[in-house]
A.B. asks: 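Here it is, the structure in full.
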Amino acid sequence: MRLSILDQVPLTEHAPDSPAALTSGLALARDADALGYHRIWFAEHHNSRSFASAAPEMMTALALERTSRIRVGTGAILLPYYPAQKVAETMGLLSAVHPNRVDTGLGRAALSDPNYAAKIAALVQEFGTNHPQPDSEPVGGVWVLGAGGSSAPLPGTLGAGYVHGHFLRPTGGEVATRAYQEAAAQSGHAAHTVLAVRFVTAETEERAQELAEALLLWRVRKDFGHDGPIPSTAGAGSYQWSAPERARAQERSQALIVGTPDKVCARLLALAESHNADELMLNTLVSDPEDRLNAYRLLADRLIG
């Protein structure tokens with residue numbers, strides 16, 4: 001099973017400002033390269049008090065210069081904001097300097113764009129023609145990210161890869177990945193299916209639950225309009241939860257895989273099988289960069305052979 005990382009470059013109590021968060025994200029890219037992860041992608045968030053990566057193309061460029069093997073890319077460029085030509089020129093430049101190492105992940109989040117499908121088709125054509133990839137990768141290294149399922153068939157018809165965001169919508173993903181795979185087969189393309197999953201792990205169940213509690217506190221407070229850094233376990237441990245917050249945390253926990261490394265690995269592999277996924281793209285949000293790296297190391301030790 002191929003393992004990859006989605007890094008949202010979080011602001012945390014341990015890395016409370018952009019310089020610290022960005023430094024941590026680039027250090028993670030180097031560590032992921034050494035651990036044997038297949039790819040690392042950087043997300044795009046704007047006007048956020050939780051995440052520092054507003055320009056994933058720039059993070060991709062910086063990480064490529066600091067690594068030697070791992071594929072690096074965007075997860076995702078929010079395509080409604082940009083002309084396709086701008087994306088093609090920016091990512092094409094990186095692909096020319098770092099051939100066969102650049103992924104162009106595209107998404108739209110909740111944004112509306114009547115030209116979304118046409119832009120993706122144009123980018124697949126552009127990169128497929130000018131930046132060919134090995135057979136193990138989709139046409140041109142182009143990926144479409146989705147969670148609701150409505151966009152899943154499109155990349156299948158074009159030869160692009162599809163990444164389903166389990167951590168955004170933990171139910172119904174099997175239908176979306178099946179729709180993508182069927183569209184790819186009908187169009188004569190190979191399917192490249194990735195499942196993006198959020199997890200928390202540590203050597204002991206107790207420590208994993210402490211880290212998960214802090215992550216859920218951040219997520220719940222964000223849901224209730226309090227956007228901010230990922231809290232530490234100490235900060236989460238002293239927090240007085242309201243009843244509505246606890247109820248929302250229970251809902252949000254359905255999208256989070258928590259436990260010891262062996263427990264988490266078993267659950268991840270089961271999810272990959274149920275979605276017929278070729279690859280798992282992992283995301284964890286914890287305050288201390290050492291806890292984050294340790295989590296990725298624990299899974300790499302067990303699943304990267």
A.B. asks: Give a yes-or-no answer on whether the side chains of Q85 and E89 include a donor-acceptor pair shorter than 3.5 Å.
C.D. replies: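 Present: a donor and an acceptor within the cut-off.
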A.B. asks: With rounding to the nearest 0.5 angstrom, report the OH to CG distance, Y116 to L154.
C.D. replies: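 Going from the OH atom of Y116 to the CG atom of L154 covers 7.5 Å.
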A.B. asks: Taking the side chain as every heavy atom from C-beta outward, state whether L256 and F199 have any pair of such atoms under 4.5 Å apart.
C.D. replies: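 L256 vs F199: side chains apart.
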A.B. asks: Can you tell whether the side chains of R248 and E251 come within less than 4.0 Å, N to carboxylate O?
C.D. replies: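 Between E251 and R248 there is a salt bridge, with a charged N closer than 4.0 Å to a carboxylate O.
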A.B. asks: Taking D113 for its side chain and N115 for its backbone only, find out whether a donor-acceptor pair lies under 3.5 Å.
C.D. replies: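 Checking the backbone N and O of N115 against the side chain of D113, a donor-acceptor pair under 3.5 Å is found.
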A.B. asks: Side chain to side chain contact (heavy atoms under 4.5 Å, CB included) between M1 and L280: does it pass, once the steps are laid out?
C.D. replies: CA-CA 7 Å; M1 175 60 62; L280 289 162; 4.0 Å; yes
A.B. asks: Would a hydrophobic clustering, with Ile, Leu, Val, Met, Phe, Trp and Tyr connected at side-chain separations under 4.5 Å, put V258 with L282?
C.D. replies: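 Shared cluster, no.
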A.B. asks: If you measure from CG on L211 to CG on L216, what distance do you get to the nearest 0.5 Å?
C.D. replies: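 So the CG of L211 and the CG of L216 are separated by 11.0 Å.
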A.B. asks: Return the CG to OG1 distance between L215 and T284, rounded to the nearest 0.5 Å.
C.D. replies: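 The CG atom of L215 sits 6.5 Å away from the OG1 atom of T284.
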A.B. asks: Just wondering, do R69 and R101 contact through their side chains at under 4.5 Å, heavy atoms?
C.D. replies: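 No - every pair of side-chain heavy atoms lies 4.5 Å or more apart.
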A.B. asks: State the CZ-CD distance between F127 and Q133, to the nearest 0.5 angstrom.
C.D. replies: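 Between atom CZ of F127 and atom CD of Q133 there are 9.5 Å.
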A.B. asks: Pairing donors with acceptors under 3.5 angstrom, does anything connect the side chains of E213 and Y239?
C.D. replies: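 Looking only at side-chain atoms, Y239 and E213 do not form any donor-acceptor pair under 3.5 Å.
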A.B. asks: Starting from the C-alpha separation in whole Å, work towards a yes-or-no answer on side-chain hydrogen bond (donor to acceptor under 3.5 Å, both in side chains) for E174 and N276.
C.D. replies: CA-CA 8 Å; E174 296 90 344; N276 197 25; over 6 Å; no
A.B. asks: Check whether any side-chain heavy atom of V102 sits under 4.5 Å from a side-chain heavy atom of R71, and report yes or no.
C.D. replies: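 They are not in contact (no side-chain heavy atoms under 4.5 Å apart), so the answer is no.
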A.B. asks: For Y81, check ring-ring contact (aromatic ring centres under 6.0 Å, His included) against everything at least two apart and list the hits.
C.D. replies: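 So Y81 forms a ring-ring contact (aromatic ring centres under 6.0 Å, His included) with H46.
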A.B. asks: So does G73 get a backbone contact from the side chain of T60, meaning a donor-acceptor N/O pair under 3.5 Å?
C.D. replies: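 Yes; at least one donor-acceptor contact below 3.5 Å.
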A.B. asks: If we ignore hydrogens and angles and just use 3.5 Å, is the side chain of S18 paired with the main-chain N or O of A52 as donor and acceptor?
C.D. replies: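 Looks like no, no N/O pair under 3.5 Å.
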A.B. asks: Do M91 and T104 come within less than 4.5 Å of each other through their side chains, counting heavy atoms only?
C.D. replies: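 In short, these two side chains touch, coming nearer than 4.5 Å.
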A.B. asks: Under 3.5 Å, is there a donor-acceptor pair between the S287 and H14 side chains?
C.D. replies: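 Yes, because at least one side-chain N or O of S287 sits under 3.5 Å from a partner of the opposite role on H14.
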A.B. asks: Any donor and acceptor pair, going by atom type alone, linking the side chain of S242 with main-chain N or O of E245 inside 3.5 Å?
C.D. replies: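 Yes.
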A.B. asks: To the nearest 0.5 Å, what is the distance between CG (L293) and CG (D291)?
C.D. replies: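 The distance works out to 9.5 Å.
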A.B. asks: Less than 3.5 Å apart, any donor N or O on the side chain of E137 or H38 sitting next to an acceptor on the other?
C.D. replies: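 Per modelled atom types, E137 and H38 side chains form a pair under 3.5 Å.
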A.B. asks: side-chain hydrogen bond (donor to acceptor under 3.5 Å, both in side chains) for Q209 and E205? Distances and angles first, verdict last.
C.D. replies: CA-CA 6 Å; Q209 293 297 334; E205 183 72 26; 2.8 Å; yes
A.B. asks: With a 4.0 Å cut-off on N to O distance, would you call K222 and D227 a salt bridge?
C.D. replies: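 Yes, this pair counts.
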A.B. asks: Hey, quick one: are L22 and M58 part of the same hydrophobic cluster, counting side-chain heavy atoms closer than 4.5 Å, chains of contacts allowed?
C.D. replies: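 Not linked; separate clusters.
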A.B. asks: Please give me the minimum heavy-atom distance between P134 and N100, naming the atom from each residue.
C.D. replies: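 The pair with the smallest heavy-atom distance is CD-OD1, 3.8 Å.
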A.B. asks: Between R292 and D31, is there a side-chain N and carboxylate O pair less than 4.0 Å apart?
C.D. replies: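 Salt bridge absent between R292 and D31.
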A.B. asks: Can you run down the side-chain hydrogen bond (donor to acceptor under 3.5 Å, both in side chains) pairs that involve residues 296-305, sequence neighbours left out, and say none if there aren't any?
C.D. replies: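 Checked against side-chain hydrogen bond (donor to acceptor under 3.5 Å, both in side chains) - neighbours excluded - the pairs reaching residues 296-305 are D262-R302.
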A.B. asks: For residues L28 and I40, determine if any side-chain heavy atom of one lies less than 4.5 Å from a side-chain heavy atom of the other.
C.D. replies: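 Of all side-chain heavy-atom pairs linking I40 with L28, at least one is under 4.5 Å.
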A.B. asks: For a side-chain contact (heavy atoms from CB on, under 4.5 Å) with L106, tell me which candidate from V142, V124, T74, L78 qualifies.
C.D. replies: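 When side-chain contact (heavy atoms from CB on, under 4.5 Å) is applied between L106 and each of V142, V124, T74, L78, only V142 qualifies.
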A.B. asks: What are the two closest heavy atoms between Y162 and T177, and how far apart are they?
C.D. replies: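 Result for this residue pair: CE2-CG2, 4.2 Å.
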A.B. asks: Are Q8 and S53 close enough that a side-chain donor and a side-chain acceptor fall under 3.5 Å?
C.D. replies: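 No, no side-chain donor-acceptor contact under 3.5 Å.
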A.B. asks: Minimum heavy-atom separation for F42 and A29, please, with both atom names.
C.D. replies: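 Here F42 and A29 meet closest at CZ-CB, 4.3 Å.
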A.B. asks: Just by distance, no angles: are the side chains of H98 and E65 close enough, under 3.5 Å, to form a donor-acceptor pair?
C.D. replies: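 Yes, E65 and H98 have a side-chain donor paired with an acceptor closer than 3.5 Å.
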A.B. asks: Indicate the atoms forming the closest heavy-atom contact of A236 with A214, along with that distance.
C.D. replies: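 Scanning both residues completely, I find the closest heavy atoms to be CB-CA, 3.6 Å.
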A.B. asks: Is there side-chain contact between N283 and V197, with heavy atoms separated by less than 4.5 Å?
C.D. replies: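 In short, these two side chains do not touch, never coming nearer than 4.5 Å.
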A.B. asks: Quick check on the hydrophobic clustering: are I257 and Y37 connected, directly or via other members, by side-chain heavy-atom contacts under 4.5 Å?
C.D. replies: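 Yes, it is one cluster - the side chains of I257 and Y37 are joined through contacts under 4.5 Å.
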A.B. asks: Does any part of the side chain of V144, heavy atoms only, come nearer than 4.5 Å to the side chain of I120, both counted from C-beta?
C.D. replies: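 Contact flag for I120/V144 side chains = yes.
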A.B. asks: Using the test salt bridge (charged side-chain N to carboxylate O under 4.0 Å, His left out), find all partners of R219 that sit at least two apart in sequence or belong to another chain.
C.D. replies: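 Only D223 meet the salt bridge (charged side-chain N to carboxylate O under 4.0 Å, His left out) criterion with R219.
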A.B. asks: Can you list, pair by pair, the side-chain donor-acceptor contacts under 3.5 Å of residues 264-275, counting residues two or more places apart and other chains?
C.D. replies:
from	atom 1	to	atom 2	distance (Å)
S274	OG	A270	O	3.4
S274	OG	L271	O	2.9
H275	ND1	L271	O	2.8

A.B. asks: Would a single hydrophobic cluster contain both L93 and V87, if residues Ile, Leu, Val, Met, Phe, Trp and Tyr are joined by side-chain heavy-atom contacts under 4.5 Å?
C.D. replies: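 Both belong to a single hydrophobic cluster.
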A.B. asks: Are M59 and I70 connected in a single hydrophobic cluster, I mean Ile/Leu/Val/Met/Phe/Trp/Tyr linked by side-chain heavy atoms less than 4.5 Å apart?
C.D. replies: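 Result: yes, single cluster for both.
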A.B. asks: Tell me, do S24 and P289 make a side-chain contact under 4.5 Å, heavy atoms counted?
C.D. replies: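 Yes, their side chains come closer than 4.5 Å.
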A.B. asks: What do the steps show when you test F51 against W218 for ring-ring contact (aromatic ring centres under 6.0 Å, His included), and what is the final call?
C.D. replies: CA-CA 12 Å; F51 304 122; W218 161 78; 5.7 Å; yes
A.B. asks: Taking all atoms of both residues into account, what is the closest heavy-atom pair of L26 and A63, and its distance?
C.D. replies: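 Scanning both residues completely, I find the closest heavy atoms to be CD2-N, 3.8 Å.
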A.B. asks: Quick one: do R108 and E44 make a salt bridge, cutoff under 4.0 Å?
C.D. replies: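 No, this pair does not count.
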A.B. asks: Quick one: does R66's side chain have a donor or acceptor within less than 3.5 Å of a partner on L62's backbone?
C.D. replies: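 Answer holds: yes.
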A.B. asks: What's in the same ILVMFWY side-chain cluster as L6, cut-off under 4.5 Å, chained through other members?
C.D. replies: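 Traced through the cluster, L6 reaches W41, W143, L145, V163, F167, L168, V194, M281.
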A.B. asks: Answer yes or no: is there an ion pair linking K119 with E126, defined by an N-O contact shorter than 4.0 Å?
C.D. replies: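 No, K119 and E126 are not salt-bridged.
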A.B. asks: If I take atom CG from residue D7 and atom CG from residue L285, how far apart are they, to the nearest 0.5 angstrom?
C.D. replies: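 Going from CG on D7 over to CG on L285, the span is 8.5 Å.
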A.B. asks: Go through the structure and list residues passing side-chain contact (heavy atoms from CB on, under 4.5 Å) with S112, not counting sequence neighbours.
C.D. replies: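 Result, side-chain contact (heavy atoms from CB on, under 4.5 Å) vs S112: none returned.
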A.B. asks: Count the heavy atoms belonging to other residues, nucleotides or ligands that lie under 6.0 Å from CG of D17, then report whether that count exceeds 12.
C.D. replies: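 Atom CG in D17 is crowded, with more than 12 foreign heavy atoms closer than 6.0 Å.
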A.B. asks: Could you check E279 against T193 for side chain to side chain contact (heavy atoms under 4.5 Å, CB included), going step by step and ending with a plain yes or no?
C.D. replies: CA-CA 7 Å; E279 182 176 332; T193 311; over 6 Å; no
A.B. asks: Please find the pair of heavy atoms, one from V200 and one from A208, that lie closest to each other, and give the distance.
C.D. replies: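 What the structure gives for the nearest pair is CG1-O, 3.4 Å.
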